[in-house]
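Have a look at the structure below, then the notes.
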Amino acid sequence: MGEEFYVLPHAKEIYAPIEGIIDSIFPTKHAFTMKTGSGISVLVHIGTDTVQLEGILFELNANERDYVKPGDLLGTADFEYIKDKGKGIEVYVVFPELDYSKELMLIKRDTVSNQDVIGTV
C-alpha cells in the first residue's frame with residue numbers, strides 16, 4: 001500500500017497526523033484520506049479489519065474538505081470494543097503514492113503525544 005507507520009493508541013482520541021485537507025471519509029468512518037498542500041496523499045486507517053465493525057464505534061468530528069493541522073482532534077474510537085471484537089487497535093498512517101523522490105523518515109519511535117513530531121516526508 002505504500003510507505004507507512006502505525007501508532008498504538010493509549011487513549012480514544014484520533015488526531016490529524018499532518019497539515020492538509022480531509023479528502024474523503026469512508027462510510028464506516030474507520031478510515032479517511034488527506035492531501036497535503038504539496039499534493040502528498042495520506043490514508044489514516046483506524047484498527048485492523050475494523051471495516052467489519054460497520055462504523056458503530058467511530059466518531060469523526062471532521063468533515064470532507066476540512067483543513068486540519070497536526071494535532072487537531074478529528075474524532076474518537078472505542079479501542080476497548082475493537083480489542084474485545086478481536087481486531088487490531090493500530091492506527092495506520094499510509095502514504096500510498098510516495099515515490100522514490102520522497103522519503104518517509106521516522107524520527108521518534110517511542111511513546112508520543114498528539115503534539116510530537118514523529119517523522120518527515
Side-chain angles (χ1 to χ4, degrees):
M1 283 190 16
E3 293 287 328
E4 68 179 57
F5 66 90
Y6 69 87
V7 176
L8 287 172
H10 294 281
K12 63 182 181 175
E13 292 82 13
I14 304 295
Y15 296 96
I18 61 161
E19 181 175 355
I21 303 290
I22 303 290
D23 202 28
S24 66
I25 298 173
F26 287 60
T28 54
K29 300 180 186 175
H30 77 288
F32 56 91
T33 60
M34 300 178 66
K35 190 156 293 229
T36 69
S38 62
I40 296 173
S41 294
V42 178
L43 166 68
V44 177
H45 192 284
I46 304 165
T48 304
D49 293 331
T50 51
V51 68
Q52 300 164 354
L53 301 176
E54 299 177 351
I56 56 176
L57 45 109
F58 303 108
E59 231 10 88
L60 287 182
N61 306 328
N63 298 299
E64 290 179 359
R65 294 182 292 288
D66 282 356
Y67 169 81
V68 298
K69 298 179 301 229
D72 285 354
L73 179 63
L74 300 182
T76 60
D78 186 342
F79 290 108
E80 287 303 316
Y81 182 83
I82 293 170
K83 273 199 278 189
D84 289 347
K85 292 296 182 182
K87 309 297 182 187
I89 62 168
E90 302 86 359
V91 178
Y92 295 91
V93 179
V94 183
F95 300 85
E97 299 168 357
L98 207 59
D99 62 26
Y100 294 108
S101 67
K102 297 177 180 74
E103 180 180 349
L104 172 63
M105 182 178 299
L106 294 179
I107 57 177
K108 188 164 186 182
R109 297 175 187 261
D110 222 341
T111 302
V112 297
S113 75
N114 64 313
Q115 296 298 318
D116 287 341
V117 175
I118 62 172
T120 61
V121 175

Ring geometry between Tyr92 and His45 (parallel below 30°, tilted from 30 to 60°, perpendicular above 60°): perpendicular
Mutual orientation of the aromatic rings belonging to His30 and Phe58 [parallel < 30°, tilted 30-60°, perpendicular > 60°]: tilted
More than 12 heavy atoms from other groups under 6.0 Å of OH on Tyr6: no
Rounded to the nearest 0.5 Å, what's the gap from [atom1] on [X] to [atom2] on [Y]? Could you check?
{"X": "Asp66", "Y": "Met34", "atom1": "CG", "atom2": "CE", "result": "10.0 Å"}
{"X": "Ile89", "Y": "Lys83", "atom1": "CD1", "atom2": "NZ", "result": "4.5 Å"}
{"X": "Ile22", "Y": "Thr33", "atom1": "CD1", "atom2": "OG1", "result": "8.0 Å"}

Test log, rule side-chain contact (heavy atoms from CB on, under 4.5 Å), inputs Lys35 and Ile40: CA-CA 6 Å; Lys35 190 156 293 229; Ile40 296 173; over 6 Å; no
Other hydrophobic cluster members with Val51, side-chain heavy atoms of Ile/Leu/Val/Met/Phe/Trp/Tyr under 4.5 Å, chained? none
Test log, rule side-chain contact (heavy atoms from CB on, under 4.5 Å), inputs Ile46 and Phe26: CA-CA 11 Å; Ile46 304 165; Phe26 287 60; over 6 Å; no
Heavy-atom closest contact ([X] atom, [Y] atom, distance):
{"X": "Pro17", "Y": "Pro70", "answer": "O-CB, 4.3 Å"}
{"X": "Lys87", "Y": "Thr50", "answer": "CB-CG2, 4.3 Å"}
{"X": "Ile82", "Y": "Gly88", "answer": "CG2-O, 3.4 Å"}
{"X": "Ile25", "Y": "Ala62", "answer": "CD1-O, 3.5 Å"}
{"X": "Phe79", "Y": "Ile14", "answer": "CZ-CD1, 3.7 Å"}

Residue from Asn63, Leu74, Val42, Asp23 passing side-chain contact (heavy atoms from CB on, under 4.5 Å) with Phe32: Leu74
Do Leu60 and Ile21 share a hydrophobic cluster, counting only Ile, Leu, Val, Met, Phe, Trp and Tyr and linking them when any side-chain heavy atoms are less than 4.5 Å apart? no
Please list, chain by chain and in numerical order, all residues satisfying ring-ring contact (aromatic ring centres under 6.0 Å, His included) with Tyr81, sequence neighbours excluded. none
